[in-house]
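Encoded as structure tokens, the structure appears first; notes follow it.
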Amino acid sequence: MIELTGKDDIVRAEKKSEGEEKRPFSPATQAVHGRIEHRKPNMNHALTTPLVQTATYTFANTADLCAFMEAKMWGGVADRGEYGRYGNPTVRAVEKRIATLENGDDALLFPTGMTAVTNVLLSILPTGSHVIFTDDCYRKTRQFCQTFLQRLGIESTQVPMGDYDALEAAIQPNTRIIISESPTNPYLRVADLNRLAQIGRAHPRIKTIIDATFATPINQRPLEFGIDLVIHSATKYLSGHNDIMAGVVIGEAGLIHALRQSQGVLGGVLDPHAAWLLERGLKTLALRVQQQNRTAQIVAEFLETHPKIARVWYPGLPSHPDHQIARQQMNGFGGVVSFEIAPVPGENPLDTTARFIDAMTIPLIAPSLGGVESLIEQPALMSYYELSSEERLTIGIKDNLVRFAIGVEDTADILADLTQALAQV
Ligand SMILES: *Cc1c(COP(=O)(O)O)cnc(C)c1O
């Protein structure tokens, strides 16, 4: 006898009579089940989504092939596969589940977060157009705008996060995209989504995009504020186990359809097995994120009063510049806490900070975030090693900065670990 978690909720909703308004399911329930119609039995009556690990699909005979091609030519939707780069049922099921979670029409999966970012920008921006992005953003997104897009004759302007006057002033007649992260990496700045959406809506040709990797749909749903597209590196919280790479974009059906067409040309598609693992990870998304939110808040409060910590960056703290806006638009403040180790007289801050990181025993030293394992890094050495301290400072990365991406380990164990490691600084 298989008992589905949260099944009672679904039965209750289905029983309600037509006249009665159905209560929308909470993200925790959606993460486990997707949409209710997804509960229709699949071909083997298996509970889980079947893994269709195939590169191509076969036709019974020429008539079968021609019927498919006719349907495709006239815009009909043939309920079958053609070739792996144009779609896969396992991948499709996960796309629908993520669209539901983000409260969007549709979603499109990619093999990495960066392929999602680059495909979206390449597909929407014509030569001669202009993109605006906020600072304190994922380094490779910035590099893509400043090098690749530049080479294609697409200009970009970087504006300071939180400066909406500068953002409006940067808009040109050829601006097509405003892209921001929220929360950002590594300072967890939070964009005012209402304001951003409003600015975008005042210019009908501009699409607003939020990379919401750090938030997850459990903590924040940017589409509900009027943002046009949401992007995630599903490598992080959505899959949640540090074992696959994936990316996803969610938005209005027509836009996602157009992006799907260009994905078929650009060629970056998610492997079905990775999609299958992503779906498994999604089922525990709410549990994981709630635990990560809780521990991160406790850790941030603990660090803020610790004498060996110079500054803590966490949107759940009243001291964070975006605390008010985060409180208004987020259900939780996320699992990443950034902080600066107080300087030790006569010692290079790079070394002091490294001593602290090396003294921690639970978190592993690795790039990435959002998985069940806590990860810790010194951004100056992990992502910006080749730059000098002065160069790093010009882009806001201090040598004593630590980014702590909290996993699902016991909160008390993490606090004890921080306590003993800071005693060694
Ligand atoms: C990791 C990350 C990306 C890139 O995603 P990949 O899956 O590593 O390609 C983009 N944006 C943010 C905010 C990220 O954290």
Side-chain angles (χ1 to χ4, degrees), residues 91 94 98 102 107-122 131 133-146 148 158 161 177 179-191 193 209-220 222 227 229-250 263 266-271 274-275 277-278 281-282 285 289 292 296 313 315 322 330 333-338 366-371 373-377 379 382-384 395-397 401 403-407:
V91 174
V94 184
I98 294 174
E102 274 292 1
L108 182 62
L109 280 164
F110 288 92
T112 61
M114 275 317 295
T115 41
V117 171
T118 57
N119 275 249
V120 167
L121 294 181
L122 280 174
V131 55
F133 63 95
T134 52
D135 62 0
D136 193 29
C137 74
Y138 196 69
R139 192 180 182 194
K140 301 295 167 190
T141 300
R142 185 187 4 236
Q143 279 180 358
F144 182 71
C145 290
Q146 291 174 340
F148 285 81
Q158 178 175 319
M161 183 72 188
I177 286 179
I179 182 167
S180 175
E181 283 164 36
S182 190
T184 60
N185 176 31
Y187 292 107
L188 294 317
R189 297 297 307 269
V190 179
L193 298 177
I209 304 177
I210 289 288
D211 177 337
T213 300
F214 275 53
T216 82
I218 304 301
N219 286 338
Q220 171 185 285
I227 296 296
L229 288 170
V230 171
I231 292 177
H232 289 278
S233 166
T235 309
K236 316 291 170 53
Y237 292 98
L238 298 188
S239 60
H241 291 73
N242 289 320
D243 55 5
I244 62 154
M245 300 200 79
V248 66
V249 54
I250 309 102
Q263 181 186 52
L266 291 169
V269 294
L270 186 64
D271 181 73
L277 285 169
L278 172 56
L282 279 170
L285 178 67
V289 170
Q292 285 160 320
W313 299 85
D322 302 319
M330 299 182 80
F333 303 112
V336 176
V337 182
S338 295
S368 203
L369 56 120
E373 297 91 355
S374 286
L375 301 179
I376 200 160
E377 64 160 278
M382 187 64 83
S383 303
Y384 299 92
I395 47 171
I397 301 296
L401 185 70
R403 190 185 77 181
F404 188 12
I406 286 157

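Each ligand, and each atom within it, is numbered from 1 in the order the structure gives.
Contact of the Glu102 side chain with the Pro222 side chain is registered, since non-hydrogen atoms from C-beta on lie closer than 4.5 Å. Side chains of Gln146 and Gln158 form a contact here, defined as non-hydrogen atoms less than 4.5 Å apart. A heavy-atom distance below 4.5 Å is not found between the side chains of Leu121 and Phe148. Looking at heavy atoms from C-beta onward, Met245 lies out of side-chain contact with Pro111 at the 4.5 angstrom threshold. Contact annotation: the side chain of Asn185 approaches that of Arg403 to within less than 4.5 Å [non-hydrogen atoms, C-beta and beyond]. Side-chain atoms of Met114 and Thr141, non-hydrogen and from C-beta on, do get closer than 4.5 Å to each other.
Enumerated by chain and number, the residues approaching ligand 1 to less than 4.0 Å through a heavy atom are Thr112, Gly113, Met114, Tyr138, Glu181, Asp211, Thr213, Phe214, Ser233, Thr235, Lys236, Met245, Ala246.
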